[in-house]
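Reviewing the structure listed below.
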Amino acid sequence: MTQPASKAATASSTRSAGLEMPNALVVMDEQWWHTQFDEPRRRRLRSLSQAVEPLWLPDFDQPGTEQRLAEVEVLLTGWGVPTIDAWALSRMPRLRAVLHCAGSVRHVVSPQLWERGIQVSNSADLNADPVAEFTFAAVVMAGKKAPFLSAAAQQDPDPFRFGRLSNTGLTIGVVGFSRIGRRVVRLITQNLREVTCLVADPYAEQAAVEAAGAELTSLEAILPRVDILTLHAPDLPSTRQMIGAQQLAALPEHCCVINTARGALIDTAALTEECRRGRLNAMLDVTDPEPLPLDSPLRTLPNVMLTPHIAGSTGSETIRMSEGALDELERLVTGRPLARPIRRESAALQA
């Protein structure tokens with residue numbers, strides 16, 4: 001990497017250690033560049049790097065950028081970045097690290113990137129907080145049936161039409177003890193009274209689940225017991241439509257299905273039928289397909305709440321991930337290991 005770093009306090013100490021600041025470049029959609037790298041973030045980026053212009057590119061094939069890419073040592077990437085494949089890597093022979101400040105890196109990295117030994121970091125865990133907060137709010141609203149009663153207020157004033165109204169004594173199933181799932185578990189167990197929280201995740205450690213106040217069990221064991229089922233699994237071939245007609249049929253009447261993860265985890269047609277019959281309720285921030293067709297019954301059913309994929313970081317919330325990537329850049333500049341490294345074997349399992 002190329003001359004030290006950083007904010008004033010670190011700058012003098014790192015220069016005395018003889019470290020060099022790297023040639024860094026941000027690659028993401030223009031919208032996110034302006035949102036995530038406002039002037040304070042750009043100043044910090046300049047203080048941690050050689051500040052070569054342009055600081056940002058939308059992709060790797062912009063005309064006249066060959067020399068700029070040839071000198072890049074660190075990429076800060078975000079939503080809209082193309083896959084860093086063999087062709088992209090051939091344009092960046094000095095690339096040593098990719099610091100992602102958005103969601104999963106699964107569609108960013110490539111086998112060739114791993115073979116080059118390039119370090120990868122992801123600040124997506126900072127995106128887990130708003131998703132978990134949104135999910136917990138959905139759980140509380142689902143317990144009171146608030147969105148469904150609001151939607152049906154003009155047609156049917158019966159307050160118990162969609163099931164019992166309570167956030168005490170709930171049994172809540174959490175599918176996926178991911179970085180988001182474990183935050184949701186903690187919010188549930190720490191804030192709701194007499195709650196039973198059940199977790200289904202074949203990769204979770206029992207001790208970690210129990211430490212969060214939940215019980216690790218199988219999906220099949222969870223389904224017949226829950227008042228609310230919330231999904232936090234990645235979209236993998238093995239998880240697509242993991243909640244299908246059979247699983248939905250196993251849920252108790254008036255159970256609410258919450259999905260802030262990936263739409264493909266649920267069989268949309270089967271869920272539509274269960275909600276159309278009034279047997280289940282749903283709160284969906286993601287769908288399959290996304291967006292839903294305009295004539296989808298899920299758009300008009302009173303026992304379904306749809307939001308347009310807003311659970312994750314939006315607007316100024318995304319700056320948390322930019323700061324996370326800049327923190328990682330500072331760690332590289334000061335010779336410290338990355339705080340959020342991604343390994344090849346774990347990248348494939350990310351949401």
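Here, residue 1 is the first one in the sequence, and each next residue gets the next number.
Salt bridge absent: Arg240 and Asp267 never bring a charged side-chain N and a carboxylate O closer than 4.0 Å. Using a 4.0 Å cut-off between a side-chain N of Lys or Arg and a carboxylate O of Asp or Glu, Arg279 and Glu273 do not qualify as a salt bridge. Between Arg94 and Glu71 there is no salt bridge, since none of the side-chain N atoms of the basic residue sits less than 4.0 Å from a carboxylate O of the acidic one. Between Glu323 and Arg320 no salt bridge is recorded (no basic side-chain N to carboxylate O distance below 4.0 Å). Taking 4.0 Å as the cut-off between side-chain N and carboxylate O, Arg336 and Glu328 do not count as a salt-bridged pair.
Not a single salt bridge (Lys or Arg N to Asp or Glu O under 4.0 Å) links Arg43 to another residue, sequence neighbours left out.
Around the CD atom of Glu205, the shell of radius 6.0 Å holds no more than 12 heavy atoms that belong to other residues, nucleotides or ligands.
A donor-acceptor pair is defined here as one N or O able to donate and one able to accept, closer than 3.5 Å; such a pair exists between the side chain of Thr272 and the backbone of Thr268. Asn23 places no side-chain N or O within donor-acceptor distance of the main-chain N or O of Val52, the cut-off being under 3.5 Å. Side chain of Glu274 to main chain of Leu271: no donor-acceptor pair is present (N/O by atom type, distance under 3.5 Å, no hydrogens or angles). Under a 3.5 Å cut-off, the side chain of Ser178 and the backbone N or O of Gly181 do form a donor-acceptor pair. No donor-acceptor distance shorter than 3.5 angstrom exists from the side chain of Asp125 to the backbone of Ala128, with no hydrogens or angles considered. Formation of a donor-acceptor pair under 3.5 Å by the Ser322 side chain with backbone atoms of Gln36 is found in this model. Side-chain atoms of Asn127 come within 3.5 Å of backbone atoms of Ser313 as a donor-acceptor pair (strictly under, hydrogens ignored). In this structure, Thr318 contributes its side chain and Thr314 its backbone to no donor-acceptor pair below 3.5 Å. Between the Arg299 side chain and the Pro293 main chain, a donor and an acceptor come within less than 3.5 Å of each other. Here the side chain of Arg193 pairs no donor or acceptor atom with the backbone of Thr168 at under 3.5 angstrom.
Here the side chains of Leu198 and Val174 are not in contact, with every heavy-atom distance at 4.5 Å or above. Contact of the Leu248 side chain with the Val257 side chain is registered, since non-hydrogen atoms from C-beta on lie closer than 4.5 Å. Taking 4.5 Å as the limit, every side-chain heavy atom of Val74 sits out of range of all side-chain heavy atoms of Leu25. Counting only heavy atoms from C-beta outward, the side chains of Ile118 and Val98 approach each other to under 4.5 Å.
Atom NE2 in His232 sits 12.0 Å away from atom CZ in Arg183 (nearest 0.5 Å). In this structure, OG1 on Thr77 lies 5.5 Å from CD1 on Ile84, to the nearest 0.5 angstrom. Remark: Thr83 OG1 to Asp59 CG distance equals 12.0 Å, nearest 0.5 Å. One finds the CZ atom of Arg68 at 13.0 Å from the CD atom of Gln62 (value rounded to the nearest 0.5 Å). Between the CG atom of Leu326 and the CZ atom of Arg44 there is a distance of 5.0 Å, given to the nearest 0.5 Å. Expressed to the nearest 0.5 Å, how far CE of Met28 lies from CZ of Phe37 amounts to 5.0 Å.
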Could you walk me through whether Glu39 and Arg46 pass the salt bridge (Lys or Arg N to Asp or Glu O under 4.0 Å) test, one step at a time? CA-CA 10 Å; Glu39 192 50 42; Arg46 291 186 181 99; 3.5 Å; yes
With side chain to side chain contact (heavy atoms under 4.5 Å, CB included) as the test, would you mind laying out the steps for Val209 and Arg182 before giving the verdict? CA-CA 8 Å; Val209 173; Arg182 65 187 62 208; over 6 Å; no
Is there a side chain to side chain contact (heavy atoms under 4.5 Å, CB included) between Leu76 and Val26 once you walk through the steps? CA-CA 5 Å; Leu76 288 82; Val26 178; 4.1 Å; yes
Please determine whether side chain to side chain contact (heavy atoms under 4.5 Å, CB included) holds for the pair Leu332 and Leu99, giving the CA-CA distance in whole Å, both sets of side-chain angles, and the decisive distance to 0.1 Å. CA-CA 10 Å; Leu332 290 176; Leu99 312 178; 4.2 Å; yes
For a side chain to side chain contact (heavy atoms under 4.5 Å, CB included) check, start with the C-alpha distance between Ile266 and Met242, then their side-chain angles and the critical distance, and finish with the verdict. CA-CA 6 Å; Ile266 302 178; Met242 66 187 298; over 6 Å; no
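Closest of all the heavy-atom pairs between Cys255 and Val226 is SG-O, 3.8 Å. Between Pro252 and Pro224, the shortest heavy-atom distance links the atoms CG-O, 3.3 Å. Scanning both residues, Ile342 and Ser121, for their nearest heavy atoms gives CG1-C, 4.2 Å.
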Would you give me the side-chain donor-acceptor pairs under 3.5 Å for residues 281-290, sequence neighbours excluded?
residue: Asn281; atom: ND2; partner: Phe162; partner atom: O; Å: 3.3
residue: Asn281; atom: ND2; partner: His254; partner atom: O; Å: 3.3
residue: Asp285; atom: OD1; partner: Thr307; partner atom: OG1; Å: 2.7
residue: Asp285; atom: OD1; partner: His309; partner atom: N; Å: 3.1
residue: Asp285; atom: OD1; partner: Ile310; partner atom: N; Å: 2.8
residue: Asp285; atom: OD2; partner: Ile310; partner atom: N; Å: 3.1
residue: Asp285; atom: OD2; partner: Ala311; partner atom: N; Å: 2.9
residue: Thr287; atom: OG1; partner: Pro289; partner atom: O; Å: 2.7
residue: Glu290; atom: OE1; partner: Thr287; partner atom: N; Å: 3.2
residue: Glu290; atom: OE2; partner: His309; partner atom: ND1; Å: 2.6

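Cluster annotation: Val131 and Leu306 are assigned to distinct hydrophobic clusters (Ile/Leu/Val/Met/Phe/Trp/Tyr, side-chain heavy-atom contacts under 4.5 Å, transitive). Under the 4.5 Å side-chain heavy-atom criterion for ILVMFWY residues, a single connected hydrophobic cluster contains both Leu149 and Ile258.
The side-chain contact (heavy atoms from CB on, under 4.5 Å) with Leu187 is formed by just one residue from the set Thr189, Val185, Asn191; it is Asn191.
Classified by interplanar angle (parallel below 30°, tilted 30° to 60°, perpendicular above 60°), the ring pair Trp32/Trp79 is tilted.
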